[in-house]
Undergrad: 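I'd like to ask some things about the structure below.
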Number of protein chains: 2
Amino acid sequence: MDDWLKDSTEVEASWVTVDLAIFTIRSGQLMVLLIERGVEPFLGRPALPGGYVQKNETLREGALRELREEAGIDGNKLHLEQLGAYGDPRRDPRGRVVTIAYLALGPDLPAPVGGTDARRAYWAPVSQLEGKQAALAFDHPAILAEALEQVRSKLEYTAVATAFCGELLTLSELRTVYEVIWGQQLDPSNFRRKVLNTTGFVKPTGDQRFPPTGRPAALYRRGDAWLLNPPLLRGAGHTV
Amino acid sequence: MDDWLKDSTEVEASWVTVDLAIFTIRSGQLMVLLIERGVEPFLGRPALPGGYVQKNETLREGALRELREEAGIDGNKLHLEQLGAYGDPRRDPRGRVVTIAYLALGPDLPAPVGGTDARRAYWAPVSQLEGKQAALAFDHPAILAEALEQVRSKLEYTAVATAFCGELLTLSELRTVYEVIWGQQLDPSNFRRKVLNTTGFVKPTGDQRFPPTGRPAALYRRGDAWLLNPPLLRGAGHTV
DNA sequence: AGACGTTTAAGTCAATGTGACCTTTAGGGG
DNA sequence: CCCCTAAAGGTCACATTGACTTAAACGTCT
């Protein structure tokens, strides 16, 4: 890169990486995808998957590539949005590394495979990680915390909850997403009323799904609306 | 920086900058601070203020420094939050430049002075910029658009509106912030009821302010609450 | 001093949304 | 056929909202 770009000796080039906070719901728990680092620094420590942004790719393309390489996940199937940039000069012992964190949400995803820089990849329950600041490498505890708050908050104001469900979903499934992520029970009847009265949240397909026991559930598809108006607030009420 | 960092020849170092979308309200209009570029590329074109992140400073510290250098504004007085990272490899003709956009909001700020890379700095009414995609340099039209949507949305769910007011504020001032940014009139009486019923939005001081005409207005201070529960939604209703 | 204009403050009321709870419906299995 | 279970649909008191009206507290003008 040309040196005339710099207008001060205090400026230096940086490495730019993307890190991914990938969430899914498995066996009734909110899970985040972690890797065990196969290279220094933090060799052997758990971390969020990620890697260097390459030449000629956008940040989002880099995130999609790492999603495929490190987690073996096809990014077209899930929701991907930028979370923010983390650039504390001391966040990486190797030097100035600015990372762009991405948030990815998907339905029950396949068991991941290890990638290039990772010994192995696995789903970790979020409940076991919260509070344990020391576990993850780099500033990944902070990134994970912000990602979690982002998810919990976006459930209220957007239809992002459908990203955790498959193409066809029942209202029970959707309600379970909220219950797992908010850690609080919701009234099934009121939830149904709220969702169906919010235009564009879900649209009926006419089909049904037959659970092992109980009345069959109507199947829905994601609607066109993204912002929920009015929002679906997590009130203090009804924590069982 | 050590070369062993790179794990692929496809990886390259990047320049990292911060760009600022600084908003204030002046003469009943939402204004954004623009500079006229004094260097290539886009020489002479209007742009958001910004510059390179220096060694040993965090991204936020870089944003605060640019705020001071390019706009002559003390960052301690205003609200500063990160908006997101923009890293399309074609966004800067000089090469790979990843910029971290920051959003800054403040009460009626002083007339700005030009800085190092800027011929001059000035407040531009947002209403004159919206839609005119060609005016701003780089991808700053997109950054400005996202910043605006962020502000409009955050007014609903957070107490960020107080950032546009001074330390002491009246409910009319606060309502005007909403009206200017949303471009829609609000019912004074209902607005008052909503704000005062939201615990922690504002707290009374006991003092009064005497306008040139009319009944004196009670003075309030910012409250402790950041998230508004329930939110203050901009319904379709009451557009004058 | 008193009437007036202006702005803040407070009150009314119908319509709507919410939380808690109950009843009915439609399956599968003993 | 009855029981269990989960979905679907309904009830009702209560809180919130939007539109509107009324009262209070200034400065100013006559």
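Atoms considered below: every heavy atom in the structure, side chains included; atoms not considered: hydrogens, waters and symmetry mates.
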Undergrad: Starting from C1' on C/dT7, measure out to CZ on B/Phe191 and report it in whole angstrom.
TA: 16 Å

Undergrad: With nearest nucleotide decided by heavy atoms, which residue, A/Arg193 or B/Phe210, maps closer to the 5′ end of DNA chain D?
TA: A/Arg193

Undergrad: Find the distance B/Asn197:CG to C/dA9:C1' and express it as a whole number of Å.
TA: 14 Å

Undergrad: Taking the side chain as C-beta and beyond, is there a heavy-atom pair between A/Ser153 and B/Tyr157 under 4.5 Å?
TA: no

Undergrad: Given atom CG of A/Asp187 and atom P of C/dG17, what is their separation to the nearest angstrom?
TA: 18 Å

Undergrad: Please report the distance, rounded to the nearest Å, between CD in B/Glu156 and P in D/dT17.
TA: 13 Å

Undergrad: Please examine the side chains of B/Leu48 and B/Leu20, heavy atoms only from C-beta on, and report whether any two atoms are closer than 4.5 Å.
TA: no

Undergrad: State plainly whether the residues A/Arg209 and A/Glu173 are in salt-bridge range, i.e. N to O under 4.0 Å.
TA: yes

Undergrad: Quick one: which of B/Val18, B/Leu67, B/Leu33 gives a side chain to side chain contact (heavy atoms under 4.5 Å, CB included) with B/Pro49?
TA: B/Leu33

Undergrad: Determine whether the side chains of A/Asp19 and A/Thr99 contain a donor N or O and an acceptor N or O closer than 3.5 Å.
TA: yes

Undergrad: Using atom CZ of B/Arg192 as one end and atom P of C/dG11 as the other, report the distance to the nearest whole Å.
TA: 11 Å

Undergrad: Can you check the B/Leu186 CG to C/dT8 P distance for me, whole Å?
TA: 14 Å

Undergrad: With nearest nucleotides of DNA chain D determined for B/Pro211 and B/Pro230 from heavy-atom distances, which residue corresponds to the more 5′ nucleotide?
TA: B/Pro230

Undergrad: Hydrogens and angles aside, do B/Glu146 and B/Tyr86 bring a side-chain donor and acceptor to less than 3.5 Å of each other?
TA: yes

Undergrad: Taking donor-acceptor contacts at under 3.5 Å, does the side chain of B/Thr213 reach the base of D/dG27?
TA: no

Undergrad: Please tell me which of A/Ser189 and B/Ser189 maps to the more 5' nucleotide of DNA chain C, matching each residue to the nucleotide holding its nearest heavy atom.
TA: B/Ser189

Undergrad: Which residues within residues 214-225 of chain B lie with some heavy atom under 4.0 Å of an atom in DNA chain D?
TA: B/Gly214, B/Arg215, B/Pro216

Undergrad: Below 4.0 angstrom, which residues in residues 165-178 of chain B have at least one non-hydrogen atom near DNA chain D?
TA: none

Undergrad: May I ask you to decide whether A/Arg65 forms a salt bridge with A/Glu61, counting only side-chain N to carboxylate O separations under 4.0 Å?
TA: no

Undergrad: Output yes when A/Glu130 and A/Arg152 qualify as a salt bridge under the 4.0 Å nitrogen-oxygen rule, no when they do not.
TA: yes

Undergrad: Taking atom P of D/dG9 as reference, at what distance in whole Å does atom CG of A/Asn190 sit?
TA: 14 Å

Undergrad: Just N and O in the side chain of A/Lys194: are any of them under 4.0 Å from OP1 or OP2 of C/dT18?
TA: yes

Undergrad: In whole angstroms, how far is the P atom of C/dG17 from the CG atom of A/Leu196?
TA: 14 Å

Undergrad: Are any of the side-chain nitrogens in B/Arg234 or B/Glu156 under 4.0 Å away from the carboxylate oxygens of its partner?
TA: yes

